[in-house]
S.K.: 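I'd like to ask some things about the structure below.
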Amino acid sequence: MANSGTTHVRWLLIFWLFVLSAVSYLDRVNISIAGGAIVSSYNLTDVQLGKIFSSMLVGYALFQTLAGRLADRFGARRVLTLGVIWWGIFTSLTALVPANWSGALWAFMAVRFFLGAGEAVIYPSANQFIARWIPVRERGIANGWIFAGVGAGAGLTPPLITSLMIHYGWRLSFWICAFVGFIAAATWYISARDTPLEHPRVSAAERAYIESGLSLKDSTSSAQDRSTQKSLVPWSRVLRSKEVLAVTVSYFCYGYVAWIFFSWFFRYLQKVRGLDLKTSAFYSMLPFLAMLVGCLLGGILNDRLTAWKGPRVGRCFLAAFAIALTGVFISLGSQVNSARLASLVLAGGAGALYLAQSSFWSLTADIAGASSGTVSGVMNTGNQIGAAITASLTPWIAQRYSWTASFLIAAALCVVGAVSWLLIDPGNTLAIGAQRKA
């Protein structure tokens with residue numbers, strides 16, 4: 001029985017989603033830090049390593065929409081728990097690919113593909129949780145905390161994996177990452193419930209507060225409207241939506257840019273900028289720490305601007321500005337001569353990019369309601385296609401032209417991503433009979 005005082009269970013669960021988000025990126029980025037050792041041990045090239053990176057992202061992209069629909073049907077508690085266990089298993093299997101085996105490249109690609117398929121559940125499930133647990137006025141900062149886990153996990157990865165590699169070899173680092181994931185999955189399953197009504201520790205006051213703010217329309221909508229908003233949106237309506245198309249295009253561009261940092265920044269500092277292993281590990285942390293700060297600051301700005309000027313400004317204009325600013329930072333940073341100054345400027349681009357992160361996920365929760373897992377899964381498919389392309393295309397462009405060219409292409413995509421946000425009207429909700437201009 002819930003107590004009669006005001007509780008804050010939703011924020012405890014947001015913290016655990018932050019932890020799961022961090023674990024997911026620990027398990028993604030570890031291979032980019034271990035990439036040099038893997039290339040040497042298996043006689044691979046950077047282009048082949050890029051194929052391994054892309055394999056994870058292809059699996060991740062292909063299962064986004066299915067993962068979102070599963071979260072809509074079965075709830076974030078079970079779907080996320082099983083997903084974390086799944087990707088923990090395949091993180092372990094990455095370390096079991098035998099050396100001196102002619103099929104090692106294909107084995108790595110297969111293992112990372114299935115790891116990506118498991119990780120596909122993390123953010124669509126989190127967005128389904130947001131739609132059921134977090135009032136509209138708090139969704140920016142809630143998403144800010146969840147995606148701050150990206151910066152925390154990715155930022156922790158370089159020093160952690162580097163230290164473990166130096167002392168114990170790269171394989172043990174993957175087993176430790178998997179073990180951390182299993183502990184996080186068990187904790188999430190014990191702590192979480194799919195709705196506030198099901199959670200024994202949620203007070204009546206907190207439940208009423210949550211339920212009063214779950215939709216942009218809740219203050220004025222009729223009982224019939226609210227019932228409609230709880231129904232899953234038909235696929236045809238999702239795929240015809242201008243808002244879904246525009247946000248997916250923008251997230252494609254976002255993913256292309258972000259994954260230059262996740263896949264290649266460590267190798268770039270080593271090979272192009274000439275930094276040693278330990279120095280590269282330090283400077284490669286900077287973009288991810290900037291992402292953490294950007295997520296939290298972006299979440300706060302998202303909520304405050306939305307409350308002050310509405311979601312068109314708080315969600316759309318903020319995201320457009322942040323992504324455009326990212327293009328400026330990346331263009332400048334790629335041409336700076338000093339390795340350390342270039343690292344700082346490029347890190348500024350990563351931080352600016354993640355100012356927009358909350359907008360993507362808050363918007364899809366706002367317009368999709370009960371189908372937020374599905375819609376955010378469609379959106380995140382675009383992101384991961386962009387990520388998979390950059391993981392393989394970036395070293396190809398760098399090899400034939402230059403690393404500067406690789407970064408300038410990413411900067412050009414920032415322009416496309418920013419403009420796409422200007423085409424979005426957050427008042428065009430997807431629930432049938434529930435549309436109203438914000």
Side-chain angles (χ1 to χ4, degrees), residues 21 24 56-76 79-80 83 116-132 139 143 146-147 150 215-216 229-259 311 315-316 319 323 356-390 413 416-417 419-432 434-435:
S21 180
S24 77
M56 192 282 289
L57 294 163
V58 168
Y60 192 80
L62 289 176
F63 287 90
Q64 280 295 307
T65 303
L66 174 61
R69 207 61 166 184
L70 288 173
D72 289 339
R73 293 286 186 186
F74 301 108
V79 172
L80 255 181
E119 289 215 350
V121 305
I122 174 69
Y123 296 116
S125 295
N127 214 34
Q128 175 55 238
F129 175 88
I130 290 285
R132 294 183 180 184
R139 284 178 181 170
N143 277 305
I146 291 170
F147 285 95
V150 173
S215 166
L216 286 169
Q229 291 167 28
K230 293 177 182 179
S231 302
L232 293 184
V233 177
W235 282 107
S236 59
R237 190 172 181 83
V238 172
L239 298 177
R240 290 199 309 265
S241 168
K242 173 176 67 73
E243 278 62 40
V244 174
L245 176 61
V247 79
T248 301
V249 169
S250 184
Y251 217 30
F252 167 88
C253 300
Y254 187 107
Y256 186 100
V257 176
W259 272 87
R315 309 292 199 225
C316 304
I323 297 172
Q357 183 69 281
S358 288
S359 291
F360 287 97
W361 297 86
S362 297
L363 175 85
T364 49
D366 290 347
I367 68 173
S371 294
S372 60
T374 300
V375 173
S376 60
V378 171
M379 176 189 73
N380 207 21
T381 299
N383 178 283
Q384 301 311 315
I385 291 172
I389 290 173
T390 196
L413 284 173
V416 178
V419 170
S420 296
W421 270 102
L422 302 180
L423 304 177
I424 294 171
D425 181 353
N428 285 339
T429 58
L430 294 173
I432 297 173
Q435 283 195 320

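Keep in mind that what you see is a predicted model, and the values were worked out from it rather than measured. In what follows, residues are counted from 1 in the order of the sequence shown.
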S.K.: How far apart are the C-alpha atoms of Q128 and S371, what are their side-chain angles, what is the distance that settles it, and do they pass the side chain to side chain contact (heavy atoms under 4.5 Å, CB included) test?
M.R.: CA-CA 8 Å; Q128 175 55 238; S371 294; over 6 Å; no
S.K.: Does D425 offer a backbone N or O that forms a donor-acceptor pair with the side chain of E243 under 3.5 Å?
M.R.: yes
S.K.: Hey, could you give me the OG/OH distance between S359 and Y251, rounded to the nearest 0.5 Å?
M.R.: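 Separation between the atoms: 10.5 Å.
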S.K.: Drop me the distance from L430's CG to R240's CZ, to the nearest 0.5 angstrom.
M.R.: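 Rounded to the nearest 0.5 Å, the CG-CZ separation comes to 10.5 Å.
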S.K.: Between A368 and V375, what is the shortest heavy-atom contact and its length?
M.R.: CB-CG2, 3.5 Å
S.K.: For N127, run the side-chain hydrogen bond (donor to acceptor under 3.5 Å, both in side chains) check against T374, N380, T364 and tell me which one passes.
M.R.: T364
S.K.: Rounded to the nearest 0.5 Å, how far does CG of L413 lie from CD1 of I323?
M.R.: 11.0 Å
S.K.: Which heavy atom of I130 sits nearest a heavy atom of R139, and at what distance?
M.R.: CG2-CG, 3.7 Å
S.K.: Roughly how far, to the nearest 0.5 Å, is CG of D366 from CZ of R315?
M.R.: 4.0 Å
S.K.: Within the distance-only criterion (no hydrogens, no angle test), does the side chain of T390 pair as donor or acceptor with the backbone N or O of Y256 below 3.5 angstrom?
M.R.: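 Present.
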S.K.: With a 4.5 Å heavy-atom cut-off, do N383 and Y60 have their side chains touching?
M.R.: no
S.K.: Looking at OH of Y254 and CD of Q357, how far apart are the two atoms once the value is rounded to the nearest 0.5 Å?
M.R.: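 With rounding to 0.5 Å, OH (Y254) is 3.5 Å from CD (Q357).
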S.K.: Counting only N and O atoms by type, is there a donor-acceptor contact under 3.5 Å from the side chain of T381 to the main-chain atoms of G377?
M.R.: yes
S.K.: S250 side chain to G417 main-chain N or O, any donor-acceptor pair under 3.5 Å?
M.R.: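 Indeed, once roles are kept as given, a pair shorter than 3.5 Å links the two residues.
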S.K.: Walk me through whether V121 and L70 qualify under side chain to side chain contact (heavy atoms under 4.5 Å, CB included).
M.R.: CA-CA 8 Å; V121 305; L70 288 173; 5.8 Å; no
S.K.: Given the rule in the side chain to side chain contact (heavy atoms under 4.5 Å, CB included) test, do S420 and F252 qualify, once you have shown the distances and angles that lead to the verdict?
M.R.: CA-CA 11 Å; S420 296; F252 167 88; over 6 Å; no
S.K.: Where is the tightest heavy-atom contact between Q384 and A61, given as atom of each residue plus distance?
M.R.: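 What the structure gives for the nearest pair is CB-CB, 3.4 Å.
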S.K.: CD1/I122 to CD/Q64 distance, rounded to the nearest 0.5 angstrom?
M.R.: 10.5 Å
S.K.: Measure the acute angle between the ring planes of Y123 and F147, then classify it against the limits of 30° and 60° as parallel, tilted or perpendicular.
M.R.: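 Answer is parallel, since the angle falls under 30°.
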S.K.: Closest approach of D72 and R132, non-hydrogen atoms and distance?
M.R.: O-NH2, 3.2 Å
S.K.: If you look at every heavy atom in F129 and A76, which pair is closest and at what distance?
M.R.: CB-CB, 4.2 Å
S.K.: If I compare all heavy atoms of P426 with all of C316, which pair ends up nearest, and what's the gap?
M.R.: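 Closest pair (atom of P426, atom of C316, distance): CD-SG, 3.8 Å.
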S.K.: Taking G373's backbone N and O only, do any of them form a donor-acceptor pair with S376's side chain (distance below 3.5 Å, no angle check)?
M.R.: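 Judged by distance alone, yes, a pair lies under 3.5 Å.
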S.K.: I'd like to know whether W259 forms a side chain to side chain contact (heavy atoms under 4.5 Å, CB included) with L57, so could you lay out the CA-CA distance, the side-chain angles of the two residues, the decisive distance to 0.1 Å, and finally the verdict.
M.R.: CA-CA 10 Å; W259 272 87; L57 294 163; 3.7 Å; yes
